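Letters A, B, ... mirror the listed sequences (proteins, then strands); counts begin at 1. This is a predicted model, so every value here is computed, not measured.
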Number of protein chains: 2
Amino acid sequence: MAKRALIHSLSDVDIRLVRVFITVTECGGFAASELELNIGRSTISKHISDLEMRIGLKLCNRGPSGFSLTQEGSQVLQFARKLLASIDGFQSEIDNIHTHLTGTLRLGVFDQSSTNPNARIHAAIGAFDELAPDVALEIALDPPSVLESRVTDGSMDIAIVPVHRQSSLLNYTPLYSEQMTLYCGVGHALFGMDQEAIRERLDLGAHKYAGYGFNSPNMKAGQSLGATRTARVQEEEALALLVKSGKYLGYLADHVAETHLRSGSVWPVAPNETRYSSTFAAITRRKPEPDRKTVVFLECLSDSHADQEHAISPHSRT
Amino acid sequence: MAKRALIHSLSDVDIRLVRVFITVTECGGFAASELELNIGRSTISKHISDLEMRIGLKLCNRGPSGFSLTQEGSQVLQFARKLLASIDGFQSEIDNIHTHLTGTLRLGVFDQSSTNPNARIHAAIGAFDELAPDVALEIALDPPSVLESRVTDGSMDIAIVPVHRQSSLLNYTPLYSEQMTLYCGVGHALFGMDQEAIRERLDLGAHKYAGYGFNSPNMKAGQSLGATRTARVQEEEALALLVKSGKYLGYLADHVAETHLRSGSVWPVAPNETRYSSTFAAITRRKPEPDRKTVVFLECLSDSHADQEHAISPHSRT
DNA sequence: TCTAAAGTTTCCATTTTATGAAACTATACA
DNA sequence: TGTATAGTTTCATAAAATGGAAACTTTAGA
């Protein structure tokens, strides 16, 4: 007993004694606080005397003659109230984390992502801002490979990239797709040719092919057609330029090609045979799990693209 | 599990979990904090997951891949540190009560207490001020009966009164005594008379007697001598005046009578027979027990009068 | 691709702690 | 002086905290 009193450092369980002390004080006695605390009188008695022993002061006079605080008891009561207020403060700060998201969301977007009308990233950002107005957004435009590595190493929370080869370290959430079709421009040998005729002499190796200089479904698609890439570009507009030059074949997103088609400056090359779909997905890292604001943003992205269908196989977990 | 997470109010035992969380964070992992916390790894694991469940947030990523705080974890860590600082603050405030006495000490002194050289109250006050410089002193001068009732009802902490009839509600700490002897003045029938002769014709009922108008040993002494009180006074100087008038007998404290004796203005009346001793004691209330500053002041009083002998029977406890 | 190592979690037996009922003590009031 | 009230102590029981063994998971290295 006396030993523990000497070690006068308030241990964690003693907070409970402090709380009991305050309640008893407010009720003006043990018997009255019994209901309030919902514990037996003997327990209250033990708690109060434990607390007195622990802090080494007599806190209150009690007995049949009534209940009253000692001078020291009044002081301790004051400090105790302050302490409980601090605990409540901690609690409310925790609650705050729950309700108000803060910090910075680092979002990455494929720097050459076309202005696909299916992409509703702006809508997602709008929805996110409603949910988490206190989160600052940081958007970076980079090639898919950079985005993937940055999400993997945690220096970016989430990114939107065309799905190519899925990494086991990332989670992929398909958002929208775009159709890619092979086109040629005015002056090209295949321009204006009947699709039936094109299909018959479809030897793509005989034509120059323009593709992206980075790892993408585009390259894979070109290879599978037997095309030899003779021009590399980094930007979509550059690719369109090459196609329109009449010297190159190249994949254009349907929504990009649309205007060119209307003006008669590009011609599809065996669309049914060459067409492929490029799916854009949000990537987050698998481990450590993304934080709450990232999860919320991911939900915003999903919701904004909910009406769209995706043709992506979910990555199998190890 | 989920149920308790919903009840997201931080209970008292959870403070301990918070402390564990901070330590683990500082150690950078469970294994490292095992020594620091001196509890088993499985216990730490349970504590952290309990805490996460309680506050409903994932605090840290842990596993073979290492230990790292989540964003929320960093925030919680910050709040947790603040919380522990509050607890430490409470602790130090308690320590402060231990070391520094504060408040007001309400002291009562018998308003007609003679300037007895044995009374060392001033010395006690000086010593007390050294020990408890932050305690304000409030000194009231009142008749013994008032002092006793004020100490009894707690509106006064301690008082110094002549001991008359001891109350079972008070504790008496004898401090100093004064000798009271019966005197007469110039012109009185007994003045200058040989003590032997006085003793022979000691019929005090035949003389006018002056005594105090309040309950005191003085009154009791006068009664025991068969004297009839024909003059009542409230002040000691008034009594001395009556004695010196030569018409009254009256008790004077020896140290008061001394100067009058030297100037030949008073004459002792059978000193050996009439003399009685009046003991002054500090009174404090028995229950509730006096607070610390009162106890300390009482010790100062005792110490200041330690060299003096007292002839008072300790009050028997019920 | 496999294996060893490191870190965490789960399960379970043991110890510790908390609790309330009943008996006990002390005070106030009639 | 008895009776009701307020708190304390004791003790048996219920609840929890704890640590060790084993299982699990991921990383690093062969």
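The residue A/Arg62 sits close only to the backbone: its heavy atoms come under 4.0 Å of sugar-phosphate atoms, none of a base. B/Asn38 comes within 4.0 angstrom of the backbone, heavy atoms only, and of no base. Residue-level contact check: A/Gly66 touches neither bases nor backbone, having no heavy atom under 4.0 Å from any strand.
Among the nucleotides D/dA6, C/dT27, C/dG20, the one closest to any side-chain atom of A/Ile39 is C/dG20. Distance from the side chain of B/Ser45 is smallest for C/dT9 among the nucleotides C/dT8, C/dT9, C/dT27.
For the salt bridge (charged side-chain N to carboxylate O under 4.0 Å, His left out) condition, the pairs that include at least one residue of residues 58-85 of chain B, sequence neighbours left out, are A/Glu93-B/Lys82, B/Glu26-B/Arg81, B/Glu52-B/Arg62.
Heavy-atom nearest nucleotides on DNA chain C were determined for A/Gly63 and for A/Asp50, and the one closer to the 5' end corresponds to A/Asp50. Each of B/Phe30 and A/Ser65 was assigned the nucleotide of DNA chain C with the nearest heavy atom; the assignment lying further toward the 5' end belongs to B/Phe30.
Here B/Thr43 reaches the OP1 or OP2 of D/dG19: one of its side-chain N or O atoms lies under 4.0 Å away. Distances shown here put every side-chain N or O of A/His47 at or beyond 4.0 Å from the OP1 or OP2 atom of C/dA18. The phosphate of C/dT19 has OP1 or OP2 within less than 4.0 Å of a side-chain N or O from A/Arg16.
The main-chain N or O of A/Ile55 is found under 3.5 Å from a side-chain atom of B/His98 such that the two form a donor-acceptor pair. Under a 3.5 Å cut-off, the side chain of A/Thr70 and the backbone N or O of A/Gly73 do form a donor-acceptor pair. A donor-acceptor contact shorter than 3.5 Å links the side chain of B/Asp157 to the backbone of B/Arg106.
Computed from coordinates, the B/Glu34 CD to C/dA6 P distance equals 14 Å when rounded to whole Å. Between A/Arg54 atom CZ and C/dT17 atom P there is a gap of 11 Å when expressed in whole angstrom units. Between the CG atom of B/Asn61 and the P atom of D/dT25 there is a distance of 17 Å, rounded to whole Å. Atom C1' of nucleotide C/dT9 and atom CE of B/Met53 are separated by 15 Å, given to the nearest angstrom. For the pair A/Arg41 CZ and C/dC24 C1', the computed distance is 14 Å after rounding to whole Å. B/Ile44 has its CD1 atom 18 Å from the P atom of C/dA6, to the nearest Å. Computed from coordinates, the B/Phe21 CZ to C/dT8 P distance equals 14 Å when rounded to whole Å. The interatomic distance linking B/Ile48 (CD1) with C/dT10 (P) rounds to 14 Å, in whole Å.
By the 30° and 60° cut-offs, the orientation of the rings of A/Phe79 relative to B/Phe90 is perpendicular. The aromatic rings of B/Phe30 and B/Phe67 sit tilted relative to each other, their planes meeting at an angle between 30° and 60°.
A salt bridge links B/Glu34 to B/Arg41: one of the charged nitrogens lies within less than 4.0 Å of a carboxylate oxygen.
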Could you go through A/Thr294 and A/Asp291, starting from their C-alpha distance and side-chain angles, then the distance that decides it, and tell me whether this counts as side chain to side chain donor-acceptor pair (under 3.5 Å)? CA-CA 5 Å; A/Thr294 305; A/Asp291 55 29; 2.7 Å; yes
Classify every nucleotide of nucleotides 10-15 of chain D by which part a protein heavy atom approaches to under 4.0 Å, writing B for the base, S for the sugar-phosphate alone and - for neither, in 5'-to-3' order. ------
